[in-house]
Amino acid sequence: MTEKTDNPVRAYSSRTPSWWAPILAILWKDVLLESRTREMVMPILVFSFLVIVVFNFVIDPKPALVTAVAPGVLWVAFTFAGMLGLNRTFSMEKEHGGIEGLMMCPVGRDLIYLGKMLGTFFFILVVELIMLPVFAAIFNLPLFEPGLWLITVLATFGFATVGATFSAMAVNTRAREILLPILFFPIAVPVIIAATEATRAVLAGDSFGDYSRWLQLMAGFDVVFVVIAALTFDFVLGE
Amino acid sequence: MTGRLTLLGSSGVLMMLLLALIFLWVPTDIVLGISQRIFYFHVPMALVAFLAFGVVVVGSIGYLWKKSERMDALAYAAAEIGVLFTTLMLITGMLWAKPVWGVWWTWSPQLTTSLILWFIYTAYLMIRSYAPQGDQGARYGAVMGIIGFVDVPIVYMAAKWWRDVHPEAVVGPLADEGSLESKMVIAFLVGLLAFTTLFAYLLMERYTLRRQESLVERLRYSHV
């Protein structure tokens, strides 16, 4: 707040509010919280590393097998990592009544959704961008494939779009930790398929044109669900 | 009440007629043989399941729009029946696939989508039973109903392309399109009618029950 006033709400509404300011404020709040508590990125990072290591023992990827199994291993690890991140998205708001604070903000619920969604997207993406080189090193795969990074961004955004909504729902239910994956996985199936297949194509050295349809599918998923989730988030939060 | 009994009765009569047609009247398919007769159950159940999920999305949007509990009860009732018919469709499909394709299951786009459909609406029912009673659960269900409905075509497309990448040999011949004889068409239509009336009956019963459940719930909390 740059303006001096006793009432921050009035100060906010007296200006013409830009639609992105609340989104950035919520995103910044989450980044700040993470930088102080470190409850999200580090544990998820270690967890997804563990998943990759465990898979390495279970399937024993010999050099001839690596390109066949590596995409699957990578996306199982990333999906689970995303799952953990989504669990945190709203449970951390629930713990200290943060959700009530958010709901009292004089901004549209769609903007609250976008702020929380971008925060989740950002944290999961950070984990994945650190894990990609580790993964590439363990499986002796090419690291600097721009296609791989693009796939990761599109898929993670897709996870975050539906995931943030489901996270906000699951946090208010009984058995919330188990309910979130049950809601999330069936809806995320297209993204998981597309990301795995596109990764397989990249690692096999296919040209961009060969796997661009998977990218289009993920981009379509991202756009459709960010709109639907933003529109319906008002109903998820309730009064 | 009489309307409901009429529905139940006509569904029962149509089922009997359908069984008689399937076992005594319809010619055996030249290519697929005797096992093809399960289609008169399998296909109508699949279509009724899709109809049920269509009702779920209509009820969900209606609930969010009008805040009418009736719409929510309609969506919930349809979701339960849709999951029931999807389960039966998957089971009858597997029973047919084993002798004809030689496998219980194959990841064709239709089968994959049907299974994911089953998962989506099972998740719908679970969020309904684990969410807090009343308004909140209804809102969660409605959002899940809408997201799930939009997701289905995307799942189908992904499964179709995925199938292109992983071709799988199907053992045995596939049904030739457009080879339905007129007797087969009649039996199929009877099946469709039988299952649609059954669906209508179940939907009305479950809808009424659901309304009564929420009434009981409200009465219980109004005395606390």
Side-chain angles (χ1 to χ4, degrees), chain A residues 68 71 113 158 161-163 165-166 168-198 200-201 204 206 210-211 213-214 216-225 227-229 231-239, chain B residues 53 57 60-67 72 83 86 107 109 112-166:
Chain A
Y113 164 78
T161 56
V162 286
T165 287
F166 290 148
M169 286 189 197
V171 78
N172 283 319
T173 58
R174 289 178 282 133
R176 59 174 126 152
E177 292 84 4
I178 188 68
L179 195 60
L180 182 57
I182 289 175
L183 293 171
F184 174 72
F185 283 146
I187 302 293
V189 157
V191 176
I192 298 172
I193 293 178
T196 312
E197 288 308 323
R200 195 186 308 282
D206 292 359
D210 287 338
Y211 63 88
R213 65 176 180 175
W214 293 116
Q216 287 166 13
L217 187 102
M218 286 192 281
F221 184 99
D222 293 359
V223 172
V224 166
F225 283 108
V227 171
I228 293 183
L231 288 178
T232 54
F233 201 65
D234 189 21
F235 302 112
V236 173
L237 282 188
E239 319 313 327
Chain B
F53 296 139
V57 77
S60 297
I61 294 173
Y63 175 74
L64 292 184
W65 191 10
K66 299 277 183 196
K67 286 282 168 225
D72 175 55
V83 168
T86 311
W107 294 99
T112 311
T113 311
S114 306
L115 186 62
I116 300 300
L117 199 63
W118 185 87
F119 274 120
I120 290 175
Y121 286 94
T122 304
Y124 174 94
L125 294 180
M126 294 190 86
I127 186 114
R128 292 309 300 261
S129 50
Y130 289 125
Q133 286 289 333
D135 166 58
Q136 201 168 21
R139 281 187 276 111
Y140 289 179
V143 171
M144 181 67 190
I146 294 169
I147 291 181
F149 189 80
V150 175
D151 198 43
V152 171
I154 309 178
V155 172
Y156 182 78
M157 202 183 277
K160 197 167 180 302
W161 289 349
W162 179 74
R163 177 72 174 193
D164 295 345
V165 188
H166 305 261

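Each chain gets a letter, A, B and so on, in the order its sequence line appears, and its residues count up from 1.
Each of A/Thr173, A/Thr165, A/Asn172 was evaluated against B/Tyr140; a single residue qualifies, A/Asn172, per the side-chain hydrogen bond (donor to acceptor under 3.5 Å, both in side chains) test.
Contacts of A/Val191 with chain B are absent, with no heavy-atom separation under 4.5 Å from either backbone or side chain. Neither the backbone nor the side chain of A/Ala229 comes within contact range of chain B, judged by heavy atoms closer than 4.5 Å. Only the side chain of A/Phe166 comes within contact range of chain B, with heavy atoms under 4.5 Å apart. For A/Leu183, the parts lying under 4.5 angstrom from a heavy atom of chain B are both the backbone and the side chain.
Listed options A/Phe233, A/Phe235, A/Phe221 were ranked by heavy-atom pairs under 4.5 angstrom with chain B; first place goes to A/Phe235. Taking A/Thr232, A/Val236, A/Ile182 one by one and counting their heavy-atom pairs under 4.5 Å with chain B, the maximum is reached by A/Val236. Between chain A and the residues B/Val155, B/Ile147, B/Ile120, the most heavy-atom pairs under 4.5 angstrom are made by B/Ile147.
Considering all non-hydrogen atoms of both residues, B/Met144 and A/Met169 come closest at N-CE, 4.1 Å. Closest of all the heavy-atom pairs between B/Ile116 and A/Val189 is CD1-CG2, 3.7 Å. Minimum heavy-atom separation, B/Ala158 to A/Pro190: CB-CA, 3.9 Å. Closest approach of B/Arg139 and A/Leu237 over heavy atoms only: NH1-C, 4.0 Å.
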**Q.** Worked verdict on B/Trp162 versus A/Glu197 for side chain to side chain donor-acceptor pair (under 3.5 Å)
**A.** CA-CA 7 Å; B/Trp162 179 74; A/Glu197 288 308 323; 3.2 Å; yes
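Annotation: A/Tyr211, atom OH; neighbour count of heavy atoms from other residues, nucleotides and ligands within 6.0 Å is above 12.
Atoms CG and CD1, from A/Leu217 and B/Ile154 in turn, are 7.0 Å apart once rounded to the nearest 0.5 Å.
Proximity of a side-chain donor or acceptor of A/Arg174 to a complementary backbone N or O of B/Ser129 within less than 3.5 Å is detected.
Residues B/Trp161 and A/Ile193 fail the side-chain proximity criterion, which asks for heavy atoms closer than 4.5 Å.
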